[in-house]
Amino acid sequence: MINDRVKEILNEQINKEFYSAYLYLSMGAYLSDMGMYGISKWMEIQAREEIDHGMILFDYILKRKAKVELHALNAPEISFSGAQDIFEKAYEHEKTISESINRIASLTENECDLATRNFIDWYLKEQIEEEDNILRILSKLKAFGADKASLYLLDKDLGSREYHQSTYEN
Ligand code: OFO
């Protein structure tokens, strides 16, 4: 069993993960409109992974015999000004998610819920990857993004990303 404070913060995190999916879908739709189909596909796969992150929390709450409480999702931003702007915003967003995961780790420690503290380690590691992946793409966009030929190659490269379901055991 998990206590109410832990249950609440995990339910809030489900909302944040699903909002992340919404945000990345919105970014993917914009990129597709701009003809950047490869980067758009990368974002859509990112959105699918965010849903996986939400579902891992969903399954964990149920397994601990607590109540899943789904809240309304905010609408994501829909106007952007190019691929670099998108990845700058995605990076800022992932930093807020990392802070949120850190708060869960800290709360579970304070509540002596060591099982959930251990569970949340998966997310702490995942956030290192998430921030790094987005930052690497952002660095490339800053370095070459203004050059159309380079942007075309980056679009092609990111379009080769394949979706692999994120699972807790990974
Ligand atoms: Fe983009 O990160 Fe989920 O947790």
Side-chain angles (χ1 to χ4, degrees), residues 2 5-32 36 38-64 66 68-78 80 83-109 113 115-141 154 157-170:
I2 56 180
R5 284 177 292 275
V6 173
K7 178 202 74 177
E8 262 166 43
I9 204 166
L10 294 180
N11 273 303
E12 281 165 18
Q13 191 61 34
I14 292 181
N15 189 276
K16 288 176 188 174
E17 300 293 345
F18 287 161
Y19 173 78
S20 300
Y22 243 32
L23 178 64
Y24 295 146
L25 281 177
S26 179
M27 290 173 166
Y30 168 89
L31 289 159
S32 178
M36 288 183 261
I39 315 182
S40 170
K41 182 183 165 203
W42 191 96
M43 271 298 171
E44 283 176 29
I45 291 174
Q46 192 65 21
R48 285 172 197 266
E49 287 196 357
E50 299 299 355
I51 292 170
D52 292 340
H53 299 168
M55 288 308 299
I56 291 169
L57 287 154
F58 178 96
D59 290 340
Y60 179 76
I61 296 171
L62 288 180
K63 198 171 193 172
R64 303 306 310 278
V68 167
E69 289 162 3
L70 300 176
H71 305 295
L73 289 172
N74 289 327
E77 189 171 346
I78 53 170
F80 304 98
Q84 184 175 324
D85 177 46
I86 281 190
F87 277 85
E88 272 164 4
K89 285 175 175 156
Y91 182 55
E92 288 309 309
H93 178 69
E94 284 301 330
K95 284 199 288 184
T96 70
I97 296 295
S98 297
E99 282 164 19
S100 178
I101 299 290
N102 280 337
R103 278 197 295 276
I104 298 176
S106 162
L107 177 84
T108 51
E109 270 175 27
D113 182 345
T116 308
R117 174 64 191 84
N118 182 49
F119 164 76
I120 219 67
D121 265 345
W122 184 88
Y123 286 84
L124 290 170
K125 286 191 208 113
E126 182 69 17
Q127 279 313 114
I128 295 171
E129 291 304 312
E130 296 274 277
E131 285 189 27
D132 185 52
N133 291 340
I134 288 176
L135 209 47
R136 278 170 183 263
I137 297 170
L138 180 56
S139 303
K140 287 181 188 171
L141 285 165
L154 181 62
D157 181 36
L158 294 181
S160 66
R161 182 180 185 185
E162 283 177 19
Y163 168 66
H164 301 286
Q165 186 180 2
S166 302
T167 56
Y168 181 61
E169 288 72 29
N170 272 350

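Values reported hereafter were calculated over all heavy atoms of this structure, with side chains retained and with hydrogens, waters and symmetry mates removed. Both counts, for ligands and for their atoms, begin at 1 and track the order of listing.
- Contacts of Tyr22 classified as ring pair (Phe, Tyr, Trp, His ring centres under 6.0 Å), with partners at least two apart in sequence or in another chain: none.
- Under the 30°/60° scheme for interplanar angles, the aromatic rings of Phe119 and Tyr60 are found to lie parallel.
- Remark: Ile45 engages Lys41, Arg161, Tyr163 in a side chain to side chain contact (heavy atoms under 4.5 Å, CB included) (not counting sequence neighbours).
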Intermediate values then yes/no, side chain to side chain contact (heavy atoms under 4.5 Å, CB included), Ile14 and Ile61: CA-CA 10 Å; Ile14 292 181; Ile61 296 171; 3.8 Å; yes
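- Distance check, rounded to the nearest 0.5 Å: CG of Asp121 to OG1 of Thr108 gives 9.0 Å.
- With sequence neighbours left out, Asp59 forms a salt bridge (Lys or Arg N to Asp or Glu O under 4.0 Å) with no residue at all.
- Within a radius of less than 2.8 Å around atom 3 (Fe) of ligand 1, the protein N, O or S atoms are Glu17 OE1, Glu50 OE1, His53 ND1.
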